[in-house]
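Every chain is numbered from 1 and lettered A, B, ... according to where its sequence line falls, protein lines coming before strand lines. No experiment lies behind these values; they were computed from the predicted model shown.
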Amino acid sequence: MDLFEYQGKELLRKFEVPVPEGRVAETPEDAAEAAKGLGGKVVVKAQVQVGGRGKAGGIKLANSPEEAQQVANDILGMDIKGHVVKRVLVERAGDIKAEYYFSFLLDRSARKFLGMMSAKGGVDIEEVAETDPDAIARVHIDPLAGISDFHARRLVFGSRIDEAARKEAIAMIPKLYRAFVELDASLVEINPMVLTGEGRVMALDAKVSLDDSAAFRHPNFDDLKAAHDIPEQERFAKERGLNFIKLEGDVGIIGNGAGLVMSTLDVVKAAGGDPANFLDVGGGAGAELLASAIEVITSNPEVKSVLVNIFGGITRCDLVAEGILSALEKLDVKVPIVVRLDGTNAEQGRKMLADAPHPMLMSAETMLGAAEKAVELAHGGGR
Amino acid sequence: MDLFEYQGKELLRKFEVPVPEGRVAETPEDAAEAAKGLGGKVVVKAQVQVGGRGKAGGIKLANSPEEAQQVANDILGMDIKGHVVKRVLVERAGDIKAEYYFSFLLDRSARKFLGMMSAKGGVDIEEVAETDPDAIARVHIDPLAGISDFHARRLVFGSRIDEAARKEAIAMIPKLYRAFVELDASLVEINPMVLTGEGRVMALDAKVSLDDSAAFRHPNFDDLKAAHDIPEQERFAKERGLNFIKLEGDVGIIGNGAGLVMSTLDVVKAAGGDPANFLDVGGGAGAELLASAIEVITSNPEVKSVLVNIFGGITRCDLVAEGILSALEKLDVKVPIVVRLDGTNAEQGRKMLADAPHPMLMSAETMLGAAEKAVELAHGGGR
Amino acid sequence: MAILIDEETKLVVQGLTGREGSFHAMRNRDYGTNLVAGVTPGKGGSDVQGVPVFDTVAEAVQETGANTSMVFVPARFAADAVMESYDAGVDVIVAITENIPAMDMARTVPYIRNSDRDVTLIGPNCPGLISPGKANVGIIPGEICSQGPVGLVSRSGTLTYQIIHELTQRGIGQSTCVGIGGDPIPGSDFIDILSKFEQDPETEVVVFVGEIGGDAEERAAAWADDNMSKPIVSYIAGFTAPPGKRMGHAGAIISGSKGTAQAKAEALEAVGIKVGRNPTEVAELVVDVRKAS
Amino acid sequence: MAILIDEETKLVVQGLTGREGSFHAMRNRDYGTNLVAGVTPGKGGSDVQGVPVFDTVAEAVQETGANTSMVFVPARFAADAVMESYDAGVDVIVAITENIPAMDMARTVPYIRNSDRDVTLIGPNCPGLISPGKANVGIIPGEICSQGPVGLVSRSGTLTYQIIHELTQRGIGQSTCVGIGGDPIPGSDFIDILSKFEQDPETEVVVFVGEIGGDAEERAAAWADDNMSKPIVSYIAGFTAPPGKRMGHAGAIISGSKGTAQAKAEALEAVGIKVGRNPTEVAELVVDVRKAS
């Protein structure tokens, strides 16, 4: 889960990472109240998970609570690259002398954590990486040994940040590491980390991504998640344990296993069709889950045909067939469903479908054949 | 530093290791007060760092505060194998169903931590190790990876402790490990760990040894140390940074480096003498330290001669000579001092001693020669 | 021959007393795998369909000589179970469990790989592996496999079955099929398995199934170019997949790869590895390679 | 030849700007050691008697090609400094610092030893090592040494000097003298160094100096019996030493040794290693061994 800036900062604060004082607000009035509490100049920042909000007008200064209310009013409800602003973060504004880049993440190929720091912060770090790779100091950290002081020194001296910022940055890095590890984060990115006019170093922005698999270790995980808007269809799918992503096409796809589903999308595309979604029922799906999957897919009015492509391993094809039949019974399915079953109990499943003929249900022998048929049906032919 | 039982238990409590409720007392009245606070039956335990205090009468039950006062009165001031009892631990007495052995320590040869557990607790574990080695479950823990739940399971299932104790023991072991690591302990030994009549598992005794080198990480280290009696001569030596251990002989020994000093003891012994002490001035000793060393040695009335055996590395022999001369000037030295200098600035040092003749000062060319001369002098000859 | 598992395999299943664990363990046994023990703490002394259950893997190894373990315990306990198997002395650990926290595996994988013992972890979040006709450890349906000269390694589960199925239908058997799993830090990566296939006399052709994300395929391609003498046929899933969640900006910087299927396919083709456009074409390419050799 | 350090050694000193660090670094340089850099965080850009100082070891290695580091920083920072050197890519790390917490070394030593790189840590709490006539890294007084066929390894500092001195006085030079230090977990143990001496063509005889405590000498004796072809002469200090603090009851159980000098001497003699009763006799035994061969 990618956290909002304000959520990330709240968590980092618990690890004693210096962040600007601030409060989140959902209304202009709340923003005025927050500005009043902070006193003096504040900055009002749109809370959206997309880059470039500054250029889009999503970050504004305010000299008074009244002004804060006004700019919050402008920002709340804005559409920034498809993201509607529902909250703003009101923070005490400070004098910034320099901006740096900092991050911790997992480097898969090295099987280690990677810390990166650059004196070129506040900008697109990918561009820095391309145009001036030496401007980014990198250090690997063995997950078993953990961080040691020298890692922080290598990043700080290696990135050649201002001398005035060194001491505080060296002290802050182990705190960021602790946050990264103890939060089960997949990313902690501070861009920019700033040196203030008063000589303090702090996290002016924070991008923190948490590992959904580790939610059981973090009692506040669900609260953090609750702040995220999820489209109705996706929420419905997620609640049922389905891995669902909506796409723009008209061929509904259901499969088991991410690789097979991805391959199914590829094959549908190659057959001239446009997948309406990615839907992975996962391993060991039962009848009920399959029925839910069909419900999710067919609730999308764009869908013209559905392709169910199952290769049973843990998943039993007889249960898949049962789920499909129960969905057909329960729902008023108006689009054709092409089913291809192979693997565990496939024959049994195929027989169950054959024994319960339904005008919208048809079987296919192979994955390629099934894809071609589904595409043909979506284009209005084939029946 | 080896902690007293009550100190070890206080520290373990901070790591949520279950220990009996208790209070330390230095007077019979305090003991009565403690018993009153605890209520019911209590056990009064002599706080000494030596085994077998139970058999020596250092552990007694008391049914009332009055009785606690009386037994505390008996125990306080007792001499148990040369250790005078200055404090007792008054603990709530419980019903004990079974006694186990548990410890964490560093296994040097494996370069790992070692956890040991046995269902045969409350007895001399060395004897169990000899007579019934399979009764001790052992598991190594990689210091980088740390403890995982399976280590605790291997110890608990491997030691075949009572089924009723398993769950709590498995929960307690990671806490003991955390204590071991975070306290910078070299040993955490719980003997016995008990299963009570109520089905609870707790540490009935605790032997905790802390690493003196890690004292800087533990602000309470000095407080813990203050409870330990150190003989005046040793305290004087320690305060000056000298590694000093008193022995029973009459040849005072000063050397630099533990290995060389041990070797010097061996050589003196082989020459027919009896070392009065072990004294290592360490690496890089200056004049002041050498003068202190001579002061420590000569304050022992048993000492008949002193052997200073220095092989300079970090230590500079000119500073050693300076220290010896300043000691001779400051103190009224009544015993002969044989000095043997080699290594860094040895010639300079030898010259300094030769240039400042003193009736109690003599030089030797070799380590063996110096030892022989010092022994001879201790025996009343040689001058 | 085959790699990692064969007739010598003696399997202990961690989580044998669970529903999933016992279902698949028994399927493995029915296939012919020598299932010698199960482990469930607190259930030592009992049995599951005649298979003795122990409290610890150490005890299971001591009593039965188990040399391979399969981990079927819930995600929050799985990393501990993997390390337990390692410490107990088994040689091959197959972790089926999915959704293990990445931090747990970030510590567990080096715990095993940095050691001086030669222990192989397959998975987690994987379908396991099968050496057709010899042993099956995991959830790959044995009936779709047949014994033969193709070594297969894949990040995906069901997609692997699809490809095995296509091969078998064309009469091409497999030496060993290994699902290394889709986690960020797999216990074994493509290179580990490719190097074992290179050394296995039974394996003549290798099929290599990747997917979008990371740069494991690119690294494997570069490694294979220098180290593999046997022909490789490849497949990459996800040409039209929706772009996954990006890990901030940092992900792309470190891999030096965009992680797209297109980029991966190009990296493979650049070193002369044929890339099939769908599972069927992969099987056909293997047929061609076999004919050519 | 020699082991670990020689004319190829390029030394970086961590803590060069400290009093002790600069004193001994300069002595090493005066001896002929190629001292290329110093490291003190925050003092990068300065120099100590012409030796450039860097902020990190990584930078020192990059700029000067340093391949050996000497750690002279205070105990509380020393484990970090050792790991920094390892990560920066040096091959030999010599940690002189004493009183490093045992927990720190319990983590640092496996950090280095478990790695796939072949890096040697000598110490901590050691006098360093010298290859007479080639390089001196540490605090062993160079003037007592002479070049020759004896390899020496010792847990002790000054006792080592005493024995080197006795050898040199008898005209017997040394290939390399290594003080491995007296800490509970040394970076290198007797066996590590013995095996290097066995492979070193210049070394003809090995002198092995142990002391009471632990069972490193016993293990080395057993290892040498199986693996050493070169003659060994030994010395053990502490026959009359006061019994040290016992680690509860547990210490004796694990080592299977009482750790006494007597037990160690017996273990050595049992595998045919001669044990001198004092440093002088050790030197005389080496003379005898040289004559015999």
### Task
Please determine, among Pro133(B), Pro143(B), Ala270(B), the option with the most heavy-atom pairs under 4.5 Å with chain D.
Pro143(B)
### Query
So which heavy atom on Gly259(B) is nearest to which on Leu159(D), and how close?
O-CD2, 3.7 Å
### Query
Which pair of heavy atoms, one from Phe311(B) and one from Thr158(D), lies closest together, and at what distance?
O-CG2, 3.2 Å
#### Entry: Interface moiety of Phe180(B) toward chain D, non-hydrogen atoms closer than 4.5 Å
both
### Message
For Leu106(B) versus Pro184(D), what's the shortest heavy-atom pair and its separation?
### Response
CD2-CB, 3.9 Å
### Message
One pair to check against side-chain contact (heavy atoms from CB on, under 4.5 Å): Leu368(B) and Asn278(D). What are the steps and the verdict?
### Response
CA-CA 8 Å; Leu368(B) 290 186; Asn278(D) 57 54; 3.8 Å; yes
### Task
Over all heavy atoms of both residues, which pair between Ala237(D) and Ser263(B) is shortest? Give the atoms and the distance, please.
CB-N, 4.1 Å
### Distance (rounded to the nearest 0.5 Å) between Tyr235(D) OH and Asp266(B) CG
5.0 Å
### Task
Any chance you could lay out the side-chain contact (heavy atoms from CB on, under 4.5 Å) test for Ile185(D) and Lys112(B), step after step, and finish with the verdict?
CA-CA 9 Å; Ile185(D) 310 190; Lys112(B) 286 182 176 168; over 6 Å; no
#### Entry: Side chains of Ile236(D) and Met262(B) in contact at under 4.5 Å (non-hydrogen atoms)
no
### Query
Just wondering, are more than 12 heavy atoms of other shown residues or ligands nearer than 6.0 Å to CD in Glu269(D)?
yes
In residues 119-131 of chain D, what donor-acceptor pairs under 3.5 Å come from side-chain atoms, sequence neighbours left out?
unit_1: Asn125(D); atom_1: ND2; unit_2: Asp183(D); atom_2: OD1; d: 3.0
unit_1: Ser131(D); atom_1: OG; unit_2: Ile5(D); atom_2: O; d: 2.7
unit_1: Ser131(D); atom_1: OG; unit_2: Thr176(D); atom_2: OG1; d: 2.9

### Task
Might you confirm whether atom CZ of Arg113(D) has over 12 heavy atoms from other residues, nucleotides or ligands at distances under 6.0 Å?
yes
### Query
Considering all heavy atoms of both residues, which atom of Asp211(B) and which atom of Ala102(D) are nearest to each other, and what is their separation?
OD2-N, 2.7 Å
### Query
Is it true that atom NZ of Lys274(D) has more than 12 heavy atoms of other residues, nucleotides or ligands lying nearer than 6.0 Å?
no
### Query
Between Arg27(D) and Thr344(B), does a side-chain contact (heavy atoms from CB on, under 4.5 Å) hold up when you go through it step by step?
CA-CA 11 Å; Arg27(D) 276 172 63 108; Thr344(B) 309; 3.4 Å; yes
### Query
Ala185(B) and Met103(D): which non-hydrogen atoms are nearest, and at how many Å?
O-CE, 3.4 Å
### Query
Under 4.5 Å between any side-chain heavy atoms of Val267(B) and Arg277(D), yes or no?
no
### Query
Which answer fits Val181(B), side chain, backbone, both or neither, if we ask what part of it has an atom under 4.5 Å from a heavy atom of chain D?
both
### Task
Flag the one option from Gln162(D), Glu211(D), Arg155(D) with the top tally of heavy-atom pairs under 4.5 Å to chain B.
Gln162(D)
### Message
More than 12 heavy atoms of other residues, nucleotides or ligands under 6.0 Å from CD of Glu365(B): yes or no?
### Response
no
### Task
Find the distance between OG (Ser109(B)) and CZ (Arg219(D)) and round it off to the nearest 0.5 Å.
4.5 Å
### Task
Could you grab the distance from atom CD of Gln169(D) to atom OG1 of Thr366(B), nearest 0.5 Å is fine?
8.5 Å
### Task
Salt-bridge test for Asp215(D) and Arg108(B): reply yes if a basic N is under 4.0 Å from a carboxylate O, no otherwise.
no
### Task
Measure distances from Glu20(D) to the heavy atoms of chain B and classify the residue's part below 4.5 Å as side chain, backbone, both or neither.
side chain
### Reported CZ-to-CG distance for the pair Phe239(D) and Leu265(B), which is rounded to 0.5 angstrom
13.0 Å
### Between Ile140(D), Ile144(D), Ile139(D), the one whose heavy-atom pairs under 4.5 Å with chain B are most numerous
Ile139(D)
### Message
If I measure from the heavy atoms of chain B, does Ile163(D) come under 4.5 Å with its side chain, its backbone, both, or neither?
### Response
neither
### Query
Side chain, backbone, both or neither: which part of Ala106(D) has an atom under 4.5 Å from a heavy atom of chain B?
both
### Message
Once rounded to the nearest 0.5 Å, what's the spacing between atom CG of Asn114(D) and atom CG of Asp142(B)?
### Response
6.5 Å
#### Entry: Residue Arg117(D) excluded, over 12 heavy atoms near CZ under 6.0 Å
yes
## Note on the structure
dist Asp342(B):CG -> His165(D):NE2 (nearest 0.5 Å) comes out at 3.5 Å
### Most chain B-contacting option - heavy-atom pairs closer than 4.5 Å, from Ala75(D), Ala216(D), Pro279(D)
Pro279(D)
